[in-house]
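Comments concern the structure below.
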2 protein chains.
Amino acid sequence: MNNQFITPDGYTSDIAVFTITSEQVGEYKPPKKELKIMLIKRSELDHEGNSNMEAGKWALPGGFVLPEETAFQAAERRLAEETGVEGLKIKHFGVYDSPGRDLRGWIISNAHYVTASEAALRSRKKTYDASEIGLFTLAEALELDLAFDHRTIMDDALWFIKKDMALTTLAKHFLPEEFVLSELQGVLLTVLDDPSISTDAAFFRKAPTLPFIEAVLEDGKPKKSNRYSKTPAQLYRFNDFQPIVSVYRNKLQG
Amino acid sequence: MNNQFITPDGYTSDIAVFTITSEQVGEYKPPKKELKIMLIKRSELDHEGNSNMEAGKWALPGGFVLPEETAFQAAERRLAEETGVEGLKIKHFGVYDSPGRDLRGWIISNAHYVTASEAALRSRKKTYDASEIGLFTLAEALELDLAFDHRTIMDDALWFIKKDMALTTLAKHFLPEEFVLSELQGVLLTVLDDPSISTDAAFFRKAPTLPFIEAVLEDGKPKKSNRYSKTPAQLYRFNDFQPIVSVYRNKLQG
DNA sequence: TTAACAATTAACAAAATGTTAATTAAAAAA
DNA sequence: TTTTTTAATTAACATTTTGTTAATTGTTAA
């Protein structure tokens, strides 16, 4: 087409990949869980040997969207290219288009977040070397001088993760297929600060009644695990129930 | 800059403007409220006299984003240009970038929704003639053959309106500064289907305890209105309380 | 006066939540 | 073998919230 429209200089897809790592803190103890974000270190030269903008800085993975794909597909493609993993939950959460955000020109970033289980993460580690890709706690990431406006994008992504963790069954994507309640609790507590979750008695009384998880059975008997405790703990899995909440129905916290 | 990146052919900002109209159904009765969307009819010729793509079809208002502004600012600008109204709540909710969505080329749409009170709507009507701009009920709008993928965008916008109406104090933007409970109830019922809202006894018992609204006082006395009833009804206003809900705290509906 | 009617309020039963204390099961120590 | 320890429950009960039905209130209009 002829240039009858004012056109941007580029359209990129950026991805904030989050995972929650488990650190064994002792035998028969629930592991310490922590939210981490995956960042890449921008190389000095691009594919064509030209020096790279913002080289050497840490940044969100991503790249230019191709004309025959959507930004969502580009995110899938880049994730597969960079991590070798497919099937992760990808969600668009914002667009970054402030003039001057990228010195290369008028470049629009379509931002996504991804929630990956530790298992997915493990296969990633095989495709990248540690000098180019890293997993950072949020505290660590806040110390870094990130490329472009990726600091803002990361902050916003975190906000969406928190919101979706509270409002949806997002926790599912950080957990194995079958999990015990303390694992769910641990995942939730990495981003949510709520006494009804952090108080064991309250959480363990309420959790088994949550309509979107169900106890796993084996030969008709409750399936239990000793992964994290001497006492066998009931295994649960998420079902397809989509919970709905409303500020006009439920008790509210500020 | 030189074209070292693959570039889109255009970047647009589209706006789904929603309002809730009140229809007087009788004296001393709560009016019938209905959600409506504002659409414009695409003219045959563009500003330069060339024939317009998708001419004659109804479409969301919007337009190309200029290089020195964000899509959000473009939405503000276009709204002001088209409706003469400023200060409306504008919210980004999605990006539409499927190849082929616009026959003119690779054009990315950054989509927003706007929630306008009827008052804001009234001033709009002065700046546009009825043949080019229209307010449609959602039922009416679904009958129309909308331009581009605006049907999809509109459907998605509606979904976000419903979600935000349930999860935030979005209703505020559809109401006057001071309102009676039946007005709030009416607004909510235009998009939410919930017995705890539609059942008068339940709603009127719960609503006065909602932390994000407060009774209006006048000279230290409750301020009341006879707008919609013979019995004076208490006036309320929204305060700044930001309610938080969670699927792990509250009773859930499917 | 009385009927009508939206807007409440009252009263009470039913559910859900918060909290403290007990119980359970298996490993590890004595 | 017995006891201790610890995470994972379960029990019990008080407190809050919610759902529901029935009454009350204040005003207009007949």
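These numbers were taken from a predicted model, which means no experiment stands behind them. Convention: sequence-line order gives letters A, B, ...; per-chain numbering from 1. Keep in mind that the numbers below use all heavy atoms, side chains included, and drop hydrogens, waters and symmetry copies.
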Exercise. Hey, does the side chain of A:Lys206 come within less than 4.0 Å of C:dT17's phosphate (OP1/OP2), counting only N and O?
Worked result: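 For A:Lys206, the contact criterion (side-chain N or O under 4.0 Å from OP1 or OP2 of C:dT17) is met.
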Exercise. So does A:Lys230 get a side-chain nitrogen or oxygen closer than 4.0 Å to the phosphate oxygens (OP1/OP2) of D:dA8?
Worked result: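 No, outside the criterion.
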Exercise. Is there a donor and acceptor pair, one atom on the side chain of B:Thr231 and one on the base of C:dA7, closer than 3.5 Å?
Worked result: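 Under the 3.5 Å cut-off, the side chain and the base do not form any donor-acceptor pair.
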Exercise. Taking atom types as they are modelled, is there a donor-acceptor pair under 3.5 Å from the base of D:dA7 to the side chain of A:Ser229?
Worked result: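 Answer no: no donor N or O sits under 3.5 Å from an acceptor.
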I need the [atom1]-[atom2] distance between [X] and [N], as an integer number of Å.
| X | N | atom1 | atom2 | answer |
| --- | --- | --- | --- | --- |
| B:Phe203 | C:dA6 | CZ | P | 16 Å |
| B:Ile197 | D:dT18 | CD1 | C1' | 14 Å |
| A:Asn226 | D:dA8 | CG | P | 10 Å |
| B:Lys29 | D:dT28 | NZ | C1' | 12 Å |
| B:Leu184 | C:dA6 | CG | P | 18 Å |
| B:Glu27 | D:dA30 | CD | C1' | 15 Å |
| A:Arg227 | C:dA26 | CZ | C1' | 17 Å |

Exercise. Could A:Glu81 and A:Arg78 be called an ion pair, given the rule that one side-chain N must be under 4.0 Å from one carboxylate O?
Worked result: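 Judged by the 4.0 Å cut-off on N to carboxylate O distance, A:Glu81 and A:Arg78 do form a salt bridge.
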Exercise. B:Arg205: what forms a salt bridge (Lys or Arg N to Asp or Glu O under 4.0 Å) with it, not counting sequence neighbours?
Worked result: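 None.
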Exercise. Paired with D:dT6: which nucleotide, if any, by Watson-Crick or G-U wobble criteria at under 3.5 Å for both distances?
Worked result: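 Across any shown strand, D:dT6 pairs with C:dA25.
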Exercise. For B:Val216, does its backbone N or O pair with a side-chain atom of B:Gln234 as donor and acceptor, under 3.5 Å?
Worked result: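 Checking the backbone N and O of B:Val216 against the side chain of B:Gln234, a donor-acceptor pair under 3.5 Å is found.
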For this session: At under 4.0 Å between heavy atoms, which parts of nucleotides 8-15 of chain C does protein reach? Answer with one letter per nucleotide, 5' to 3': B base, S sugar-phosphate only, - none.
Result: S--B----
Problem set entry | No-hydrogen, no-angle side-chain donor-acceptor test under 3.5 Å, B:Tyr96 and B:Asp14 |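 Judged by distance alone, the side chains do not pair up.
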Problem set entry | Residues B:Lys33 and B:Ser22: side-chain donor-acceptor under 3.5 angstrom |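 There is such a pair between these side chains.
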For this session: Measure centre to centre between the rings of A:Phe212 and A:Tyr236, then say whether the value is under 6.0 Å.
Result: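 Judged by ring-centre distance (under 6.0 Å), A:Phe212 and A:Tyr236 do not meet the cut-off.
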Would you mind writing out the side-chain donor-acceptor pairs for residues 172-183 of chain B within the sub-3.5 Å range, not counting sequence neighbours?
unit_1	atom_1	unit_2	atom_2	d
B:Glu178	OE1	B:Lys223	NZ	2.9
B:Glu183	OE1	B:Val180	N	2.9
B:Glu183	OE2	B:Tyr228	OH	3.3

